[in-house]
Amino acid sequence: MKNISLLVLLAFTTTQAFAQFTKSSFTLLDAAEGTEIAQFTDSVKVAIGPQESGWYKTTLKVLVAKSAVSADSVLAADAEILDEDKNKIGQTTSEIKVKYQQAEGRGYYKFYEIIITGYIKSYSLEYKSIPERGLEKIINQKSMAGRQEQLEAFFNTMGFVESTFGEYTVWTYLDEAASFGEAHYRTIVVFRGETSLYCIISKTETMSLEKLKDTYSDHTGNYFFFQRYQDKTLKQMQDVAYSFIPL
């Protein structure tokens, strides 16, 4: 990578680098203003939907003991919730329907990796870890000096994946906390060549970006263009988005 701004790395480095994540303690509910289903005492990587009246629909992936999950995929109340190192980070307060699979790795035979979906209050999420918010902060600076280095530092810290599509360089944030298999994209940043910012695609978020030339939205996402698009280039951006949408 090119020169990386230490200040930007410090600004975005946290206990959950490479992630969109919660604060160190929070409560998970079964619905907005609903019933509590789990309490957490540590920060957790999550995937979120759009904010709705101060709530985020939230998906997270954690470990539990096999004995806590029934044959019909229900996680028991009062079950310990563990991180990938088998440290306790929370506990269920009621039964929860979950998806699960065998945890991988030596010493993990007695554990399932599970996916839990619920709702958290917006203040329970680390705001600066939302990819779109971090991008807005960097792109809307008055000075362009060092912007590319800051963007690349942000991509590295947040765990964006780099790829190439023809003439475009693409950086993608994947919602890995929401799936056992191939993850759906959350945020895609597209450059013409390596450094000419062309388009940002967000699965669900709206963005406040200066110097925008065009916007477009459809079922594949919200598109924010820094150059006027034509039918051909819009189709190219849609093809990029489709490539990160599992069938």
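Residues M237 and V190 meet the side-chain proximity criterion, which asks for heavy atoms closer than 4.5 Å.
Here the shortest heavy-atom pairing between Q148 and F191 reads OE1-CE2, 3.4 Å. When every heavy atom of F225 is checked against every heavy atom of C199, the shortest pair comes out as CE2-SG, 3.9 Å. Scanning both residues, E113 and F180, for their nearest heavy atoms gives O-CZ, 3.4 Å.
The salt bridge (charged side-chain N to carboxylate O under 4.0 Å, His left out) test applied to E132 returns R186, not counting sequence neighbours. For S70, the side chain to side chain contact (heavy atoms under 4.5 Å, CB included) partners at least two apart in sequence or on another chain are D72, V74.
Considering CE of M207 and CG of L212, their distance stands at 8.5 Å, rounded to 0.5 Å. Annotation: the span from R228 atom CZ to D214 atom CG amounts to 4.5 Å, rounded to 0.5 Å. Taking CG from L125 and OG1 from T22, the interatomic distance works out to 7.5 Å, rounded to the nearest 0.5 Å.
Below 30°, between 30° and 60°, or above 60°: for F160 and F154 the angle between ring planes is between 30° and 60°, a tilted geometry. Using the six-membered ring where Trp is involved, Y229 and Y216 have ring planes that are perpendicular, over 60° apart on the 30 and 60° scheme.
Classification of K235 and D231 as a salt-bridged pair fails, no side-chain N sitting under 4.0 Å from a carboxylate O. Using a 4.0 Å cut-off between charged side-chain N and carboxylate O, R133 and E205 make a salt bridge.
In this structure, a donor-acceptor pair under 3.5 Å is present between the side chains of E36 and T93. Using modelled atom types and a 3.5 Å distance limit, the side chains of S217 and N222 yield a donor-acceptor pair. A donor and an acceptor atom, one from each side chain of Q91 and E80, are nowhere located under 3.5 Å apart.
In this structure a side-chain-to-backbone donor-acceptor pair under 3.5 Å is present from Y173 to Q20.
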Please test F244 against Y185 for ring-ring contact (aromatic ring centres under 6.0 Å, His included), starting from the C-alpha separation and ending with a verdict. CA-CA 5 Å; F244 296 104; Y185 87 89; 7.2 Å; no

The test is ring-ring contact (aromatic ring centres under 6.0 Å, His included); show your working for Y198 and Y168 and say whether it passes. CA-CA 9 Å; Y198 181 68; Y168 300 105; 5.8 Å; yes

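The six-membered or imidazole ring of W171 lies near that of F155, with a centre-to-centre distance under 6.0 Å.
In Q141, the CD atom is crowded: over 12 heavy atoms of neighbouring residues, nucleotides or ligands sit closer than 6.0 Å.
Among V46, V64, L60, T92, the single residue meeting the side chain to side chain contact (heavy atoms under 4.5 Å, CB included) criterion with I116 is L60.
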